[in-house]
Amino acid sequence: MPAIRPLPETLISQIAAGEVVDRPASVLKELLENSFDAGATEIGVALSEGGVRQIRVVDNGGGIPMDDLAMAFARHATSKIASLEDLEQVRSLGFRGEALASIASVARVSLASRASGAARAYAIKAEAGTIGAIEPAAQPDGTAVEVGDLYYNTPARRKFLKSEATEFAHCEEAFTRAVLSRPDVVFTLRHNGRMIARHGASDPAKRIEAALGGEFAQSMRAVEANGSALALSGFAGSPAYTRASRDAQFLYVNGRFVRDRLLAHALREAYRDVLHGERHPAYVLFLRIDPRSIDVNVHPAKTEIRFRDPRAVHQFVFHAVAKGLSGTAAEAPAAVATPVATGHSVLPRSSQAALGLAQPVAGYTAMFAERRTSPGSVADTVPDEAPPLGFALAQLHGIYILAQNRHGLVLVDMHAAHERILYEKLKSALDSRTMNTQKLLIPATFHADGLDVATAEEHGSTLNLLGFDVAAISPFALAVRAVPSMLADADVSGLARALLRDIREYGASRVLTERRDELLGTMACHGAVRANRALTIPEMNALLREMEETERSGQCNHGRPTWFQMSLADLDKLFMRGR
Ligand code: ADP
Ligand code: MG
């Protein structure tokens, strides 16, 4: 057994570096945090080869006095805290005094700084744990740090670095996190000499637009809540603006970007009712909390934190975000107004009266009553026992059914009527869990994106409940193998697509509950006879009989009437025929 010996200082740093500096992006993060801690208002970042070849961060912060320069590279040396008491209420981003030492153990670092008020700037180099001599340098107020050839002396680790593009993407993410956290700070980012991003001093909303794009900025809702011990501010993307990944979730605690489970959970809960499970919300939120009630010293990278009162924080964040998201009221009337005007989207069924349309339902009932009480003004042409909607005479332009009943002429919008019937049938079948399905002889296959395929696989039971059997036949294609019997004639793939879209957007549980009527409407619309389909007289009569049996058949799912009665008297008037 070899004797127990202390590890060499450089090796200690290299081991520590594994936790703090695992790739160029984490080096960049540490350097940016140092610039923030130094009070910089302008920060320039220049990278080459994804940051592997070089990372250079220049700031206009307070700088480092000449006497402290060498200490900057010493392990566990920091200017930010001096005691346990300081640690417990730390307000700076750094405090472990570890980053520069770690970086210097796995890369070539040079640092030039001019402390505010100092007459000159000085530079120092560190390489493989060896700190060079302090030399005069040309540098305006502030600090410039250059990190070159990351992992040049630890080839095993260097192998883990990914392509230049990947490493650059991670650096860009670290940059964006910093950019979003401080709208008041001016930033530039260059890669391989090219200017990638430039941000002037701004306000939070404009900074978000500049960093994350206009689409998100237009959808986002302000979140603002102030408690006695904590405050949350920022912006949360509307549920309509969702993303396939968590790439636009920016959460900061006292200015520090965190990936915290508790907070992430509070946010998921806040979005739960309004978001499909596979989509991810976007947000930029800042939690301010008394530093004494959190512990950021959980992990060297400090992206995790511990709250003294996690429940209170969870509650607070959940309510603040839910409230911010509920600021949708202003949009609702506009969203309804469009379908009313075009008459194509789903309307509340009761809105028909509001639209000033005729109300055939009332007329229908009246007609039944009249039929019973006063038999026969035109009894000679139509037998007394004739059904209320009479018998079909013809189809007009592939759109209307003309029928003759006891009162005169009945005009039926065939698609609207059929749709209504299917809707009611589907509804009662779903309610009684008796949706009859029909296996398709030849499955209908269609191209689908990855998310559609995932949705079909994940929500198979919901689809079954609705009478569908949809299976993935490749990562990009789905096959519909069974549909509800009453929709067997429909455009099956169009129907499956519409269904998946709804489940994707609203989540399976909402599709079956609060969105159920809309969904059934979609299914009915797809299944209903299309215009221009020639119907035979028996088919038309069958439709009329079904209408009579169907509740509320007087109006289609969109609230439009499905049929009109023109009495002989109405027709007489048209022809000015005094009778
Ligand atoms: P920490 O940030 O935890 O203190 P670092 O190793 O990152 O540890 O930095 C060590 C020290 O070097 C800091 O405490 C700070 O005094 C000084 N320093 C590093 N970067 C800068 C900078 N950009 N401007 C001013 N001082 C800096
Ligand atoms: Mg630091």
Side-chain angles (χ1 to χ4, degrees), residues 9-10 12-14 16-22 25-46 55-84 86-107 109-118 120-126 129 131 134 137 139-147 174-175 177-178 181-182 185-188 254-257 291 295-303:
E9 194 59 28
T10 308
I12 295 174
S13 290
Q14 288 175 338
E19 292 180 304
V20 188
V21 234
D22 59 350
S26 42
V27 173
L28 177 58
K29 168 195 175 265
E30 293 293 337
L31 299 184
L32 289 169
E33 287 188 353
N34 281 345
S35 296
F36 286 149
D37 284 344
T41 56
E42 285 181 34
I43 301 176
V45 177
I55 300 169
R56 181 178 157 84
V57 174
V58 183
D59 69 51
N60 67 347
I64 306 171
M66 189 190 99
D67 298 342
D68 287 349
L69 271 183
M71 277 310 275
F73 289 109
R75 261 166 58 78
H76 307 306
T78 178
S79 60
K80 298 169 192 176
I81 57 168
S83 65
L84 179 62
D86 290 348
L87 174 64
E88 282 171 352
Q89 49 186 307
V90 66
R91 285 174 195 280
S92 54
L93 297 168
F95 56 79
R96 295 166 62 105
E98 230 172 19
L100 288 183
S102 296
I103 296 167
S105 74
V106 293
V109 183
S110 66
L111 191 156
S113 191
R114 176 162 162 175
S116 42
R120 291 160 164 278
Y122 294 91
I124 190 169
K125 281 189 164 72
I131 298 171
I134 293 172
Q139 160 78 20
D141 270 3
T143 305
V145 182
E146 260 177 43
V147 176
F175 178 80
R177 289 174 183 175
S181 78
R182 290 291 302 273
V185 171
V186 175
F187 290 89
T188 55
N254 292 347
R256 181 191 309 284
F257 178 89
D295 183 0
V296 290
N297 201 14
V298 181
H299 184 269
K302 306 188 206 82
T303 47

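Every number for a ligand or one of its atoms is a count from 1 in the order of the listing.
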Check ligand 1 against [X] and write out every atom of the ligand that is under 4.0 Å from a heavy-atom position of the residue.
| X | value |
| --- | --- |
| Gly63 | 25 (C) |
| Thr78 | 1 (P), 4 (O), 14 (O) |
| Ala99 | 6 (O), 7 (O) |
| Gly94 | 2 (O), 3 (O) |
| Glu98 | 6 (O), 8 (O) |
| Ile64 | 17 (C), 18 (N), 25 (C), 26 (N), 27 (C) |

So Asn34 and Val145, side-chain contact (heavy atoms from CB on, under 4.5 Å) or not? Walk me through it. CA-CA 10 Å; Asn34 281 345; Val145 182; over 6 Å; no
Distance (rounded to the nearest 0.5 Å) between [X] [atom1] and [Y] [atom2]:
| X | Y | atom1 | atom2 | answer |
| --- | --- | --- | --- | --- |
| Ile55 | Lys29 | CD1 | NZ | 13.0 Å |
| Lys125 | Ile131 | NZ | CD1 | 14.0 Å |
| Leu111 | Phe73 | CG | CZ | 4.5 Å |

Closer than 4.0 angstrom: is that true for some heavy atom of Arg96 and an atom of ligand 1?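 So Arg96 counts as touching ligand 1.
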Work out whether the distance between some heavy atom of Ala77 and some atom of ligand 1 is less than 4.0 Å.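 Heavy atoms of Ala77 do come under 4.0 Å of ligand 1.
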Ligand 1 contact on Leu111 by region, counting heavy-atom pairs under 4.0 Å: neither
Could you check whether any side-chain heavy atom of [X] comes within less than 4.5 Å of a side-chain heavy atom of [Y], counting everything from C-beta outward?
| X | Y | answer |
| --- | --- | --- |
| Lys80 | Val90 | no |
| Phe95 | Asp37 | no |
| Leu31 | Ile103 | yes |

Hey, does [X] come in under 3.5 Å of ligand 1, counting only N/O atoms on both sides?
| X | value |
| --- | --- |
| Leu100 | yes |
| Ala38 | no |
| Asp37 | no |
| Lys80 | yes |
| Gly97 | yes |
| Val145 | no |

How close do Ala70 and Ile124 get, counting heavy atoms only, and between which atoms? CA-CD1, 3.7 Å
Which heavy-atom pair separates Ala137 from Ala112 by the least distance, and what is that distance? CB-CB, 4.4 Å
Any N/O/S atom of Asn34 sitting less than 2.8 Å from the Mg ion (ligand 2), backbone or side chain?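 Of the N, O and S atoms in Asn34, at least one lies under 2.8 Å from the Mg ion (ligand 2), which means yes.
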Given Ile43, which of Val186, Val58, Leu32, Asn60 fulfils the side-chain contact (heavy atoms from CB on, under 4.5 Å) condition?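 For Ile43, the side-chain contact (heavy atoms from CB on, under 4.5 Å) check succeeds only for Leu32.
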For side-chain contact (heavy atoms from CB on, under 4.5 Å), just list the numbers for Val21 and Glu98, CA-CA rounded to whole Å, side-chain angles, deciding distance to a tenth of an Å, and then say yes or no. CA-CA 10 Å; Val21 234; Glu98 230 172 19; over 6 Å; no
[atom] - nearest protein heavy atom and its distance:
| atom | answer |
| --- | --- |
| atom 23 (N) of ligand 1 | Asp59 OD2, 2.9 Å |
| atom 12 (O) of ligand 1 | Ala72 CB, 3.7 Å |
| atom 21 (C) of ligand 1 | Asn34 CB, 3.8 Å |
| atom 14 (O) of ligand 1 | Ser79 N, 3.0 Å |

Please step through side-chain contact (heavy atoms from CB on, under 4.5 Å) for the pair Ser35 and Val57, ending with a clear verdict. CA-CA 8 Å; Ser35 296; Val57 174; 3.7 Å; yes
